Amino acid sequence: MKDDTKLPGPKDLQKELADYLSRKYGERVKVISPVIMRTELNKDESDGREAKPSSLNQVNFRLKPEELKEFLDQYIIKQDEAKTIVATKVCTHFNRAEFDRRLPQEDGGRSVGQVKNNILMIGPTGVGKTYLIKLIAKKLGVPMVKADATKFSETGYVGSDVEDLVRDLYHEAGENKELAEHGIIYIDEIDKIASSRNLIGPDVSRTGVQRALLKPMEETEVDLKVSHDPISQLQAMERYRRTGKREKRTINTKNILFIVSGAFPELIPIVKKRLQAHGVGFTAEISTPGKDTRFLHQIRSEDFIEYGFESEFIGRLPVLAVLDPLAEEDLHQILKNPNSPIITSKKKDFRSYGIDLLFDDKALARLARLAAAEKTGARGLVSVIERVLLPFESRLPSTEIHRFSISLNTVEDPEADLKALLKDPDAPERQSHYDRLSAEERQELLALIQEHEELLEFCPSLPLSTTRVNLLAAFISQEFMDLTEAAARLKEIYNQVEVCETKIFKQLGLTVEFTEGAADELVRRVVTEGQEPEQVYRLFYQDFRAGLRQVSEKTGRRVFTITREAVLNPEEFLNDLAFEGFDD
C-alpha cells in the first residue's frame, strides 16, 4: 500500500527547527539560512571588521560630573551624596576610556595597573538603585544589561555563567563589538552571593561566583562562542566551512563598567560591632531603624569581608555609594516630580482608554503616607496607587467619562468616590476641581521649563520664546515625555523646517525662507497632530507645491518668504502672490 504521507521539505524543517530553538532558548536564537550566513560573512570578511558600523559616536564621553548630577536631580529625589559619587566616577570612567582610546596605537590605549571605577551601591529596596543606573546609561548612550546575582553560579554548578552577562551586553549593543566594550553591566542583589564562611552547601557556590566575576570586572577576553548558544555555534561552523579557519571572536572587558548593588540587611550590626570595639561612643545610643542606616556610611572593606565576601572581590569595587531609606516626605516629592515614572505610567494607563487623569496634592500626600507604612520605598507607591485606582481602571473604560481627578476622598474611599463619579460625572464641583488642577499643572510645567531654560536653547537662531515654551509644555503633556527628551524631540522637528527649505529648492528649484512664526506654526501642527518630524515637509509641500510652481512660472519669482499667516491660509497667500505678479 502506498504511503501518502507527505515528507517535510527544507523550508518546513527549517521552520520546525526555528520554532523549537525559540521555545528552548528565546527569541534571540533563530535559524539562519546558508545564503544569509554567506551574505553576513562576506560583509565581515571584506574588511576584517564587524558588519555593523561603529556607534561610539553616540556615547557621550565628554559628559562632566556636574552635568550628569544635574540630570539625575531631575528624576531622583534625595540621595545627593550617592548621586554625586556615582555621577563623578561614571563620568571619569568614560572620559578616561575616551582618553585611552586616543593614545598612540603602539601604546594600545592601555595603562599597566589601571584600576577600574567599578561601583558598589548599598541601599534598601525601593530607593532607586536600578532607576539610577538606567538613567545614566540612557544619558551616556551606552548599552546596559541588568541581572540578579542569584541567577549565576560558578562553572560546574547549575545556573548561568557570569560571562553570559558580557555576551548579553554584546547583543544589547546590536552586536556592535566596540560599543559593547564601552557598556555597563549592573548586578543587583549582590549581597546574596556572600558566603557564611562554611565549606559545604551553597556557600561554596557563592564564593565561586565571586571568583568567577573577578576577571570580567577587571580585564579579560570573553569568547562570544559558547556551547549553550546554538546560534553562535552555527555561525562558527559556517565560517569554518567557508574559510577553513577557526576564528575566535571575543569581547574585552577593560572598559566595561561593573556596578553592583544590594540591600545588605545584616551589615549594620557588623559595622556597629567594629565601631564599638574601637571605642566610638555614639554606638551606645538607642537604635532606631532610621538612625541605624547612618552606620552604612562608616563601612570599611573589613566589614564586607566579615559579611562573607572575598577580599579580592571587594578589591574590584573601589567605589562605594550608600543610598538612604526614603521617608514619607521623600515619597511625596517623588509623586510630585513631573518626571516621576510612577504617576506618568498611571496616566498612560488611563490615556490608553481615552481618559485624562489628574492628581490633587492632598491625594498625593495621603498616598505617600500609605506607601511609607509598607516600608518598601518607592515600590510601595506603585502598590498603593494600584489598589486605589483599580476600581476606576476596571469600570471607567466602559463609560463615556473622559477625564477625572483624584482627590483625597478618592484615596480614602475609592469605591464610594467611584459610585459618586458614575452617578454624576458632570457635577460642578468635579469639573471645577479638574479645571483647577489642570491650570496648576500647566503653570508648574511652564515654571519648570523656565527654570531649565539654559539647557533647552534650541540654537542661537531659535531662542526659547513664549510660543516655543508653550509648544514644549504641550509636547510634554501629550507625549508624556520628560523635559530633556521633549526638548530634544522638539529641536528635531525645528531642524526639519530647515531641511524642508533645502528639499523645496531641490524639488522645485525655488528658494523658500520661513519666518520664525511660520516655523512655529509648522511645528505646532506636527506636535498637535502627533506626526513624525519628517512630516513637516509633507504638511508644507502638499499645500504649497503646485501654487509656488505656478506663481514662479507666471512671474519669474524664485525666492519666497513664508509667514505664519501663509501657513495658516496658503490659498489666500498664493492668490495674493499671483495677483501681485499680475499687477506688475
Side-chain angles (χ1 to χ4, degrees), residues 89 93 110-122 129 133 144-170 172 180-181 183-229 232 248-267 270-271 299-321:
K89 301 314 294 183
H93 171 82
R110 300 173 183 274
S111 300
V112 177
Q114 176 181 332
V115 178
K116 195 163 34 167
N117 293 323
N118 295 324
I119 301 169
L120 170 59
M121 298 194 303
I122 298 178
K129 299 187 293 292
I133 305 308
M144 169 206 160
V145 294
K146 174 187 179 293
D148 292 336
T150 52
K151 70 176 285 189
F152 298 105
S153 67
E154 181 187 15
T155 303
Y157 288 83
V158 177
S160 301
D161 187 338
V162 294
E163 291 188 348
D164 285 341
L165 283 171
V166 180
R167 300 182 189 104
D168 289 343
L169 189 64
Y170 173 70
E172 184 67 23
E181 290 181 335
I184 294 176
I185 291 179
Y186 174 51
I187 308 175
D188 197 10
E189 296 189 358
I190 200 69
D191 50 320
K192 301 294 179 60
I193 63 169
S195 170
S196 298
R197 316 305 290 173
N198 296 328
L199 298 178
I200 59 174
D203 289 329
V204 178
S205 179
R206 292 172 183 174
T207 301
V209 175
Q210 294 179 42
R211 292 172 180 168
L213 280 166
L214 294 181
K215 286 187 177 180
M217 289 172 66
E218 193 170 57
E219 180 181 6
T220 192
E221 297 285 340
V222 175
D223 196 344
L224 290 175
K225 181 176 70 67
V226 290
S227 58
H228 58 267
D229 186 357
S232 65
K248 186 174 183 180
R249 304 173 68 222
T250 62
I251 292 287
N252 187 282
T253 65
K254 176 179 181 288
N255 290 317
I256 295 177
L257 184 64
F258 280 76
I259 303 177
V260 303
S261 68
F264 293 89
E266 300 172 6
L267 193 55
I270 294 175
V271 179
I299 292 175
R300 299 290 182 268
S301 296
E302 59 191 279
D303 301 320
F304 288 110
I305 294 172
E306 184 175 347
Y307 191 86
F309 284 102
E310 298 283 309
S311 59
E312 293 88 351
F313 180 76
I314 292 300
R316 300 297 198 285
L317 298 164
V319 181
L320 175 64

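Just so we're clear, the structure is a prediction, and the values are computed from it rather than from any experiment. The residues of the chain are indexed from 1 along the displayed sequence.
The two residues Gln210 and Ile193 make their nearest non-hydrogen contact at NE2-O, 2.8 Å. Counting all heavy atoms, side chain and backbone alike, Lys89 lies closest to Ile119 at CB-CD1, 4.3 Å. Minimum heavy-atom separation, Ala149 to Glu189: CB-O, 3.5 Å. Minimum heavy-atom separation, Ile305 to Ser311: CD1-CB, 3.8 Å. Scanning both residues, Leu257 and Asn117, for their nearest heavy atoms gives CD1-O, 3.3 Å. The shortest non-hydrogen separation linking Glu266 to Tyr307 is C-CE1, 3.7 Å.
Taking CG from Leu267 and CG from Asp303, the interatomic distance works out to 6.0 Å, rounded to the nearest 0.5 Å. A distance of 3.5 Å separates CZ in Phe258 from CD1 in Ile185, rounded to the nearest 0.5 Å. Taken from NZ in Lys146 to CG in Asp148, the straight-line distance is 4.5 Å, to the nearest 0.5 Å. In this structure, Glu163 CD and Leu213 CG are separated by 10.0 Å, a value rounded to the nearest 0.5 Å. Note that CD1 of Ile190 is 10.0 Å distant from OG1 of Thr150, once rounded to the nearest 0.5 Å. With rounding to the nearest 0.5 angstrom, the CG atom of Leu169 is 10.5 Å from the OG1 atom of Thr253.
Every residue two or more places apart in sequence or in another chain that forms a side chain to side chain contact (heavy atoms under 4.5 Å, CB included) with Ala180 is listed here: Tyr170, Ala173, Ile251. Not a single side chain to side chain donor-acceptor pair (under 3.5 Å) links Asp191 to another residue, sequence neighbours left out. When the ring-ring contact (aromatic ring centres under 6.0 Å, His included) test is applied to Phe304, the partners found at least two apart in sequence or on another chain are Phe264.
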>> One pair to check against side chain to side chain contact (heavy atoms under 4.5 Å, CB included): Val319 and Leu120. What are the steps and the verdict?
In response: CA-CA 6 Å; Val319 181; Leu120 170 59; over 6 Å; no
>> Determine whether Arg211 and Glu310 satisfy the following criterion, salt bridge (Lys or Arg N to Asp or Glu O under 4.0 Å), listing intermediate values before the conclusion.
In response: CA-CA 8 Å; Arg211 292 172 180 168; Glu310 298 283 309; 3.7 Å; yes
>> For a side chain to side chain donor-acceptor pair (under 3.5 Å) check, start with the C-alpha distance between Asp188 and Ser261, then their side-chain angles and the critical distance, and finish with the verdict.
In response: CA-CA 5 Å; Asp188 197 10; Ser261 68; 2.7 Å; yes
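Side-chain contact between Ile133 and Met121 is present, with at least one heavy-atom pair separated by less than 4.5 Å. Proximity of Val222 to Thr250: side-chain heavy atoms (C-beta onward) are nowhere separated by under 4.5 Å. Asn118 is not listed as a side-chain neighbour of Ile259, based on a closest heavy-atom distance of 4.5 Å or more.
Under the salt bridge (Lys or Arg N to Asp or Glu O under 4.0 Å) test applied with Glu218, the options Lys254, Lys116, Arg316 reduce to a single match, Arg316. A side-chain contact (heavy atoms from CB on, under 4.5 Å) with Val145 holds for exactly one of Ile256, Val166, Asp168, Asp164; it is Asp168.
Remark: the Glu221 side chain and the Asn252 side chain contain an N/O donor-acceptor pair separated by less than 3.5 Å.
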